[in-house]
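As structure tokens, the structure follows; a few thoughts come after it.
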Amino acid sequence: MTTFKRNIIITGGAGFIGSHVVRLFVNKYPDYHIINLDKLTYAGNLANLKDIETCPNYTFVKADICDFENVQKLMEQYQVDGIIHLAAESHVDRSIKDPFTFARTNVMGTLTLLQAAKIFWESRPEGYEGKRFYHISTDEVYGALELTKPEGDAEGKGPYGNDFFKETTKYNPHSPYSASKASSDHFVRAFHDTYGMPTIVTNCSNNYGPYQFPEKLIPLFINNIRHRKPLPVYGKGENVRDWLYVVDHARAIDVIFHNGKIAETYNIGGFNEWKNIDIIKVVIKTVDRLLGNPEGASLDLITYVTDRMGHDLRYAIDSTKLKTELGWEPSLQFEEGIEKTVRWYLDNQEWMDNVTSGDYQKYYENMYANR
Ligand code: NAD
Ligand code: TYD
């Protein structure tokens with residue numbers, strides 16, 4: 001059996017952000033064993049990791065983070081010394097319809113991982129030395145900011161308001177999704193404060209890029225434009241989100257996992273606020289251009305629909321601490337990131353068609369059928 005320098009479980013590695021983190025770690029650290037622990041819910045898709053699935057330092061394990069005995073067994077089996085925890089229910093609209101699933105996975109699942117890690121690590125002669133439990137969270141736990149500059153203004157700090165979420169901002173979640181993530185963040189910090197577990201929490205803004213499930217704004221709209229389907233804009237489209245290219249989030253996770261200080265919180269974001277309606281227009285323009293449609297051809301697909309319940313008005317992350325203390329900065333300008341993203345979805349229509357038809361769920365069965 002190969003001995004690796006580190007044995008790291010990445011939970012939720014078959015999802016959107018998780019797949020980018022797994023890819024980065026598997027390729028960059030051949031001396032680390034990366035164990036992707038994922039239940040393969042509707043959001044998990046092993047086709048996201050086709051390019052690295054045969055790498056010798058990669059193992060996929062289909063498992064539920066809520067299954068305490070199994071997680072304990074896996075900790076022991078793989079002699080795990082690091083956990084990067086991304087598995088979650090992640091879509092706000094689903095949380096409004098089915099909050100229980102969010103409490104189960106996001107709260108109980110996180111607690112299950114914490115407790116299993118605690119028992120295993122405390123049983124080792126070296127204890128918590130060299131161990132790390134890194135929990136990935138969201139800016140949505142901070143609540144919502146005011147839109148003090150509704151028309152947008154390049155002057156001053158932020159285009160839509162001068163205030164930002166900082167690491168010290170008091171938690172004030174509004175949706176069942178953000179309430180469940182806030183609760184899980186509290187459990188992680190409690191395990192540090194109570195048992196001395198070496199934990200880190202990061203709170204990131206909205207991600208965009210390849211392999212995102214097309215229930216989220218950007219991939220949903222790209223796919224709808226391609227099929228000339230309506231683009232459902234919630235409310236007046238005036239809500240503001242702060243967008244970060246997913247590969248830059250994965251890079252930040254790498255830096256923080258290795259160099260972040262135990263018990264600290266780091267905000268991750270690119271100071272890139274957009275009103276929904278404006279980002280939608282950029283997406284339309286880019287898709288039309290790349291498909292060879294006349295400019296503005298798909299604008300007629302914009303359809304204003306009833307607003308999301310409890311729709312947070314504005315998110316804006318201040319990631320100064322991460323830049324100053326650990327030197328991380330986004331590598332891509334937004335224009336470049338959105339171009340890359342639209343191109344990727346248009347070039348990978350088979351991926352999108354497999355997801356929207358449900359065929360992607362057969363990938364795992366086919367892959368493992370003959371083993
Ligand atoms: P996603 O929905 O694309 O993927 C979630 C993954 O978790 C899937 O592969 C799914 O199969 C897996 N999973 C769900 N329940 C599980 C369970 N019980 N056991 C094991 N695996 C399970 O999510 P994402 O957008 O990649 O987000 C990943 C993490 O990052 C989440 O914790 C989310 O809260 C956080 N986050 C997301 C964003 C964003 O914009 N997407 C921004 C900030 C933070
Ligand atoms: P989403 O991608 O669901 O991320 P989040 O809710 O975590 O921010 O939504 C981004 C923004 O786009 C949010 O303000 C809701 C809005 N939205 C729409 O207007 N229409 C849609 O069909 C979707 C999915 C989102």
Side-chain angles (χ1 to χ4, degrees), residues 9-22 36-46 48-49 61-67 70-71 84-96 101-102 104-106 108-110 112-113 135-141 144 175 177-178 180-182 184-185 202-209 211-221 224 230-244 246 249-250 252-253 267-269 274-277 279-280 302-308 310-315 317 361 364:
I9 284 186
I10 298 182
T11 70
F16 166 49
I17 303 171
S19 63
H20 289 276
V21 178
V22 167
N36 173 9
L37 188 165
D38 199 297
K39 185 184 175 184
L40 298 183
T41 67
Y42 80 93
N45 182 357
L46 285 179
N48 296 357
L49 290 166
V61 179
K62 187 175 189 298
D64 187 340
I65 54 165
C66 300
D67 182 345
N70 195 26
V71 175
I84 304 178
H85 175 37
L86 295 110
E89 289 293 335
S90 68
H91 190 40
V92 174
D93 292 327
R94 285 182 190 255
S95 82
I96 293 168
T101 306
F102 283 69
R104 179 185 180 276
T105 299
N106 299 359
M108 287 304 290
T110 302
T112 303
L113 286 172
H135 176 63
I136 311 299
S137 192
T138 165
D139 59 357
E140 306 194 21
V141 296
S175 73
Y177 164 64
S178 52
S180 68
K181 290 295 291 186
S184 64
D185 297 5
T202 55
N203 299 83
C204 188
S205 59
N206 283 59
N207 284 213
Y208 70 97
Y211 300 112
Q212 188 167 30
F213 196 83
E215 62 186 351
K216 306 277 168 64
L217 182 76
I218 291 180
L220 174 73
F221 278 32
N224 283 11
L231 307 174
V233 181
Y234 298 163
K236 293 185 187 150
E238 287 186 336
N239 303 66
V240 171
R241 296 292 181 266
D242 188 352
W243 294 92
L244 181 70
V246 63
H249 188 186
I253 290 172
N267 279 349
I268 309 174
W274 284 79
K275 258 190 190 179
N276 287 346
I277 192 63
I279 210 167
I280 288 163
I302 290 179
T303 310
Y304 291 93
V305 300
T306 311
D307 208 353
R308 173 187 277 172
H311 197 172
D312 285 338
L313 195 51
R314 172 173 170 250
Y315 301 146
I317 270 278
Q361 285 171 320
Y364 171 76

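Whatever order the structure lists them in is the order used to number ligands and atoms, beginning at 1.
- Under a 4.0 Å N-O distance rule, the pair D93/R308 qualifies as a salt bridge.
- Nearest protein heavy-atom neighbour of atom 11 (O) of ligand 1: D38 OD1, 2.6 Å.
- Between D38 and A14, the closest heavy-atom pair is OD2-N, 3.0 Å.
- Comment: R94 engages E215 in a salt bridge, judged by a side-chain N to carboxylate O separation of less than 4.0 angstrom.
- Within 6.0 Å of the NZ atom in K236, the count of heavy atoms belonging to other residues, nucleotides or ligands does not exceed 12.
- Atom numbering of ligand 2 starts at 1 in the shown order; those under 4.0 Å from a heavy atom of V233 are 19 (O).
- Between Y42 and F213, the distance separating the two ring centers is shorter than 6.0 angstrom.
- With a 4.0 Å heavy-atom cut-off, ligand 2 is reached by no atom of V305.
- In this structure, S95 and V92 approach most closely via the heavy-atom pair OG-O, 2.8 Å.
- Contacts of K181 with ligand 1, taken as heavy-atom pairs under 4.0 Å, involve the side chain alone.
- The shortest N or O to N or O distance between F16 and ligand 1 is under 3.5 Å.
- The residue among W243, Y208, W274, Y234 with a heavy atom at the shortest distance from atom 17 (N) of ligand 2 is Y234.
- Of the protein's non-hydrogen atoms, the one nearest atom 20 (C) of ligand 1 is K39 N, 3.2 Å.
- The closest protein non-hydrogen atom to atom 7 (O) of ligand 2 is E140 OE2, 2.6 Å.
- Distances shorter than 4.0 angstrom do not occur between any heavy atom of Y42 and any atom of ligand 1.
- Distances between N or O atoms of I17 and those of ligand 1 include at least one value under 3.5 Å.
- Between N207 and F16 the shortest side-chain heavy-atom distance falls below 4.5 Å.
- Checked by atom type, the side-chain pair K216/S90 shows a donor-acceptor distance below 3.5 Å.
- With respect to atom 4 (O) of ligand 1, the closest heavy atom belonging to the protein is G15 CA, 3.5 Å.
- Closest to atom 4 (O) of ligand 2, if we only count protein heavy atoms, is N206 ND2, 3.4 Å.
- Residue contacts with ligand 1: D64 is placed with a nitrogen or oxygen under 3.5 Å of a nitrogen or oxygen of the ligand (distance criterion only).
- Under 4.0 angstrom from ligand 2, the non-hydrogen atoms of L220 all belong to its side chain.
- Of all protein heavy atoms, the one closest to atom 22 (O) of ligand 2 is P232 O, 3.3 Å.
- Under a 4.0 angstrom heavy-atom cut-off, G109 registers as lying outside contact with ligand 1.
- With 3.5 Å as the limit, one finds a donor-acceptor pair spanning the side chains of H135 and S184.
- In this structure, S19 has no heavy atom closer than 4.0 Å to ligand 1.
- Atoms of ligand 1 lying under 4.0 Å from at least one heavy atom of A63, given by number and element, are 19 (N), 20 (C).
- Closest of all the heavy-atom pairs between V246 and G209 is CG1-CA, 4.0 Å.
- Those atoms of ligand 2 that come under 4.0 Å of a heavy atom in V92, given as number and element, are 6 (O), 7 (O).
- Annotation: Y177 is not in aromatic contact with H91 [ring centroid separation under 6.0 Å not met].
- Between Y315 and ligand 2, not a single N/O pair is under 3.5 Å apart.
- When each atom of ligand 2 is checked for a heavy atom of H91 under 4.0 Å away, the hits are 3 (O).
- Side chains of D139 and S205: no donor on one and acceptor on the other come within 3.5 Å.
- With distances taken over non-hydrogen atoms, the option nearest atom 3 (O) of ligand 2 out of K275, E215, R308 is R308.
- Using a 4.0 Å cut-off between heavy atoms, F221 contacts ligand 2 through its side chain alone, with no backbone atom that close.
- Between T11 and ligand 1 there is no heavy-atom distance shorter than 4.0 Å.
- Contacts between Y177 and ligand 1, counted as non-hydrogen atom pairs separated by less than 4.0 Å, involve the side chain only.
- Residue S90 holds the heavy atom nearest to atom 23 (O) of ligand 1 of all those in C204, G209, S90, S137.
- If you check which protein heavy atom lies closest to atom 16 (C) of ligand 2, you get N276 ND2, 3.5 Å.
- A side-chain N or O of Y315 and one of E140 form a donor-acceptor pair less than 3.5 Å apart.
- For T105, every heavy-atom contact with ligand 1 shorter than 4.0 Å involves the side chain, none the backbone.
- Between N45 and ligand 1, a contact under 3.5 Å exists for no N or O pair.
- When only non-hydrogen protein atoms are considered, atom 2 (O) of ligand 2 lies nearest to L217 N, 3.0 Å.
- Taking every non-hydrogen atom of I136 and a distance limit under 4.0 Å, the qualifying atoms of ligand 1 come out as 30 (O), 32 (O).
- Nearest to atom 13 (C) of ligand 2 among the protein's heavy atoms is H311 NE2, 3.5 Å.
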